[in-house]
Amino acid sequence: MGFDNSITYDEALAQYVGEFGRGQRLFVAVTSLNYIPNAVIFYLMVFLTLDPITKQHWECTNPADAACAAIWQAPSPTAFCSMSQSQWAWTNTDNLAAYFNMVCGDKWKVQLLNMMMFIGCLIGAALFGHLNDTMGRKKPLLMAQLACIVAVFLSAAAPPDGYWFMAFVRMAMGVAAAGQNQCVAVLSAEIAGKSRRGVASAFSGMFWPTGEFVLVGLAYGVHNWRTFTIITGCLSVAGLLLWPFIPESARWLLSQGRQAEATAVVQRIAALNGTRAPPVPLRTMQPKVDLAAEAEEAGMSATDAALHKDADAVVLALPGADAGGNGGEIEAAATECAVVGGAGAATVPGLQQPGAKAAKRIGLLDVLRQPKLLVRTLVLVFAWFSLYIVSYGVNLGAGALPGSLYVTFSLLTVAELSAQLMTAVIVDRTGRHVILSCGLLVSGTACLACASTTHSTARAALAVIGKYGCTVGMVVLGTFTTELFATPIRASAMGVFNEAGRLGSIIAPLMLMVGAAVRPSDAVYVPFLAFGLVALLAGLLTLVLPETLGAPMAENIDDMNQLQSLFSAKPWQQGPFATIKFLFKARAARAARMRRSGHGQPATEQQQLVQDASKQEQQPSAVAAGSSLPHVYVECAQLKQGDGSGPSTLSRAVAAKQQQQQQQQQDTSIIV
C-alpha cells in the first residue's frame with residue numbers, strides 16, 4: 001500500500017483524541033435524544049387502544065335492557081360482541097379503539113395499525129440505508145426528523161371515518177422513525193474508538209427505554225388520544241432543535257475522501273475532550289483498486305500497474321503531499337516513470353495525485369459473492385429478525401399479559417434499562433457474539449416457559465426475563481454488525497439488516513392476531529411459543545460468527561475476511577475443546593489483530609512486485625541470465641514540488657520503507 005505518514009481515524013482517537021471522552025459522550029447524548037420521541041411513537045398504540053369494553057367507555061342505549069345492563073356490570077368482550085350494535089353506544093371516544101370502533105369483528109384493525117407502522121420501517125430501513133451511504137449520516141437524519149414531525153401531526157388530525165388515513169400516516173411515520181433510528185445508531189457507533197464502540201452504542205441505547213418511561217408517564221396522565229399525539233409531535237420538534245449540534249461522521253467523510261471536513265470534526269471532539277488533534281493527516285479510506293482491471297483498461301501489464309500504483313503512493317508520502325500543506329503541491333502531470341524490464345522499457349503515464357483516479361467502489365453484491373461472507377450475512381439477517389420479533393412482540397403483547405398494563409410495561413422497561421446498563425459494563429470486555437448468543441438463548445428459553453405456564457405472576461415475570469435477554473442482544477447487535485462490515489457499505493448493510501428486523505416487527509403483531517384467533521382463552525400461548533423457538537435457533541447460529549472485539553473497523557472486503565469465524569479457523573481440527581474455546585472467545589481472532597501492524601501476513605502481489613523491484617535496483621548484477629525474475633526497476637524522471645526539490649525515485653522510497661518496517665518488526669512482538 002501507500003507509504004504515507006497519515007493515520008487512521010481509530011489510531012487518531014487511540015493516540016491523541018481519546019476513544020470515548022467527554023466530547024464523544026456529549027455528541028452521542030445529543031444525537032440519541034431522538035430515541036425518546038421515537039420510542040413513544042413506536043409504542044403509542046399500546047396505550048391508545050386499550051380495550052374500551054372492559055374500561056366501560058360505553059352505555060346501554062335502552063336503560064330497560066336487562067341483558068345489556070348485566071353485561072355492563074361485568075363487561076366481557078365476548079358477551080359484549082354478542083349484542084346488537086343498536087343496544088349500546090360509546091360514551092367516551094378519547095380511546096382510539098372507540099374512536100375508530102375497533103372492537104369485536106374489527107378488533108384486527110388495532111394490530112394492523114402497528115403492522116403499517118412497521119411496514120413503513122421496512123421501507124425506511126432500505127431508503128435511509130442508501131441515503132446514509134450517499135449523503136452521509138447527518139443530512140438523512142434531518143430529512144427523517146422533518147418527515148416524522150409532519151406525519152405525527154397529520155395523524156392527530158384524523159377524522160372519525162379516517163381509519164385508513166391513519167393507517168397510511170402510520171406507515172409514513174414508520175419510514176421516518178426507522179430513518180432516525182438508523183442514523184442515530186450509525187453515528188453513535190462510528191464516533192467512538194475501536195475499544196469503546198460497544199460502550200458508545202450501549203450508552204446511546206439507554207435513551208430508548210427512557211422514551212418508554214416517558215410513554216408510560218404520558219399515558220397515565222393524558223387519556224385523550226389526540227392530545228397525546230400532539231404532545232408526541234412536540235417532543236419530535238424538540239429533537240429537531242438539536243440537529244445543528246450533531247457532527248457528521250468523520251469515518252464517512254474519510255471514506256468519501258473529504259479529509260479536511262473529517263479533520264475539523266476530530267479537532268472539535270479533541271477540544272471538548274481536552275486533548276489534541278493528531279499532528280499528521282487522517283488517512284482516507286479509498287476502496288481497494290482492482291489492479292488487473294486497471295491494467296487491462298490502461299493497456300499495460302499487471303506488473304506495470306502495480307508499480308505505477310506504488311509510484312502514486314510515493315507521491316503521497318513526499319513532503320508537501322499531505323493535507324497540512326507544509327510543503328508545496330506536487331505537479332503529478334509533470335512526472336513520468338519508466339518501467340524497465342529485461343526485454344526493454346515501457347513508459348508509464350505521469351503520476352497522478354492520490355484520489356485523482358476513481359477507484360472501484362465496493363457494494364453489498366461484492367460481499368454476497370463470497371460464500372463465507374454470504375453465510376455471515378444470512379446469520380445476521382436471522383439474528384436481526386429474531387430480536388425484533390421478540391422485542392416488539394413482548395411489548396405489543398403486554399396488554400394480553402395479566403395485571404395492570406402500566407405496571408407490566410414499566411417492568412418491561414426496567415428490564416430493558418437494566419440490560420442496557422449491564423451490557424454497557426461487559427460489552428468491551430466480553431466477546432460480542434457471546435453476549436448476542438447468550439441474550440438470544442435466555443430470551444428464547446423465557447418465552448417458551450411463558451407460553452407453557454398459566455400462572456399469571458410467573459407468566460409476567462418470564463415475559464420480563466424474555467425482554468431482558470433480547471435487549472442484551474439488541475444492545476450489542478448494532479455494534480457487532482457495524483464492526484463486521486466495511487465503511488463504504490456499512491450503512492447499506494445496516495439498512496438490509498434493519499429491513500430483516502422490521503420484517504420481524506411486522507410479523508410480531510400478526511402473531512398476536514393469530515394467537516387471539518387460534519386460542520382466544522390464552523392469546524399469549526401461540527405468539528410466545530413462536531418467539532421462543534425463533535430466538536433459540538438464532539442464539540445457536542450466532543455462535544459461528546466471528547468475534548470483532550479489539551479489531552479495527554473494516555475498511556474494505558479484505559479487512560472483513562481477516563476476521564476469523566468458526567468455518568474459516570476450523571478449530572475442530574484441534575479437538576472439541578479447541579472448538580468450544582473458539583466459540584466462546586472474548587476477543588477477535590489473531591488475524592484481525594495483526595491486520596493493522598502488517599506482521600504475519602503474506603505480501604500482496606503489489607507489495608511483492610515492489611519488493612522485487614527494490615531488490616533488483618540494489619543488486620542488479622545478482623540476476624542471472626535466463627532467470628524467471630526479470631530485472632525490473634522504476635525510475636521517476638522528475639517530481640516537481642512547490643519547494644523546488646529535485647528528482648526522487650520509487651526504489652529509494654521503497655527501500656527506506658522496507659528498512660523502517662524491518663526495524664519495526666525487530667522492535668515489536670506479537671502477543672497471541
Does [X] have any side chain to side chain donor-acceptor pair (under 3.5 Å) partners at least two apart in sequence or in another chain, and if so, which?
X: Q24; answer: N273
X: E248; answer: none
X: N132; answer: none
X: Y35; answer: none

If the condition is ring-ring contact (aromatic ring centres under 6.0 Å, His included), which residues does [X] pass it with, not counting sequence neighbours?
X: F480; answer: none
X: F207; answer: F203
X: F528; answer: F531

Margin query: Under the criterion side-chain contact (heavy atoms from CB on, under 4.5 Å), I'd like the reasoning laid out for M171 against M117: C-alpha separation, chi angles, the key distance, then a yes or no.
Written below: CA-CA 4 Å; M171 184 172 70; M117 172 79 181; over 6 Å; no

Does any non-hydrogen side-chain atom of [Y] lie less than 4.5 Å from one of [X]?
X: P546; Y: H433; answer: no
X: T471; Y: L417; answer: no
X: L253; Y: Q256; answer: no
X: F42; Y: N395; answer: no
X: L396; Y: L512; answer: yes
X: V534; Y: V390; answer: no
X: Q15; Y: P278; answer: no
X: R170; Y: N114; answer: yes

Taking all non-hydrogen atoms of both residues into account, name the closest pair between [X] and [Y] and its distance.
X: K467; Y: S391; result: NZ-OG, 2.8 Å
X: A250; Y: V265; result: CB-CG1, 4.2 Å
X: V216; Y: S410; result: CG1-OG, 3.5 Å
X: V524; Y: C450; result: CG1-SG, 4.2 Å
X: P247; Y: F27; result: CD-CD2, 3.5 Å
X: R251; Y: A192; result: NH2-O, 2.9 Å

What's the separation between atom [atom1] in [X] and atom [atom2] in [Y], rounded to the nearest 0.5 Å?
X: S204; Y: Q420; atom1: OG; atom2: CD; answer: 8.5 Å
X: L240; Y: Q180; atom1: CG; atom2: CD; answer: 9.0 Å
X: L131; Y: C183; atom1: CG; atom2: SG; answer: 8.0 Å
X: M173; Y: I41; atom1: CE; atom2: CD1; answer: 6.0 Å
X: L26; Y: I191; atom1: CG; atom2: CD1; answer: 9.0 Å
X: L536; Y: T445; atom1: CG; atom2: OG1; answer: 4.5 Å

Margin query: Assess the residue pair V472 and V442 against the criterion (side-chain contact (heavy atoms from CB on, under 4.5 Å)); give the C-alpha distance rounded to whole Å, side-chain angles, the decisive distance to 0.1 Å, and a yes or no.
Written below: CA-CA 10 Å; V472 168; V442 168; over 6 Å; no

Check: Is the gap between the ring centers of W252 and Y9 under 6.0 Å?
Finding: no

Next item on the list: Give a yes or no on whether the ring-centroid distance for F409 and Y43 is below 6.0 angstrom.
Entry: yes

[X]: side chain to side chain contact (heavy atoms under 4.5 Å, CB included) partners, not counting sequence neighbours:
X: T31; answer: V184, L187, I246
X: L387; answer: L436, L440, C470, M474, L477
X: I506; answer: M115, F118, I119, L122
X: A500; answer: V381, W384

Would you find a donor on one side and an acceptor on the other, under 3.5 Å apart, between the side chain of [X] and the backbone of [Y]?
X: E212; Y: A39; answer: no
X: S452; Y: A449; answer: yes
X: S443; Y: G466; answer: yes
X: T210; Y: M206; answer: yes
X: Q182; Y: G179; answer: no
X: W243; Y: K138; answer: yes

Next item on the list: Could you go through the side-chain contact (heavy atoms from CB on, under 4.5 Å) check for V28 and S188 one step at a time?
Entry: CA-CA 5 Å; V28 169; S188 300; 3.9 Å; yes

Sequence neighbours excluded and cut-off under 3.5 Å, please list the side-chain donor-acceptor pairs for residues 537-545, or say none.
from, atom 1, to, atom 2, distance (Å)
T542, OG1, A538, O, 3.3
T542, OG1, G539, O, 2.9

Item checked: Full working for ring-ring contact (aromatic ring centres under 6.0 Å, His included) between F497 and Y388 -> CA-CA 11 Å; F497 296 123; Y388 272 66; over 10 Å; no

Next item on the list: Go through the side-chain N and O atoms of E190 and S249 and say whether any donor and acceptor fall under 3.5 Å apart.
Entry: yes

Margin query: side-chain contact (heavy atoms from CB on, under 4.5 Å), that's the test. Do L33 and I36 meet it? Break it down for me.
Written below: CA-CA 6 Å; L33 283 171; I36 294 177; 3.9 Å; yes

Next item on the list: Please indicate whether K139 has more than 12 foreign heavy atoms, meaning atoms of other residues, nucleotides or ligands, lying under 6.0 Å from its NZ.
Entry: no

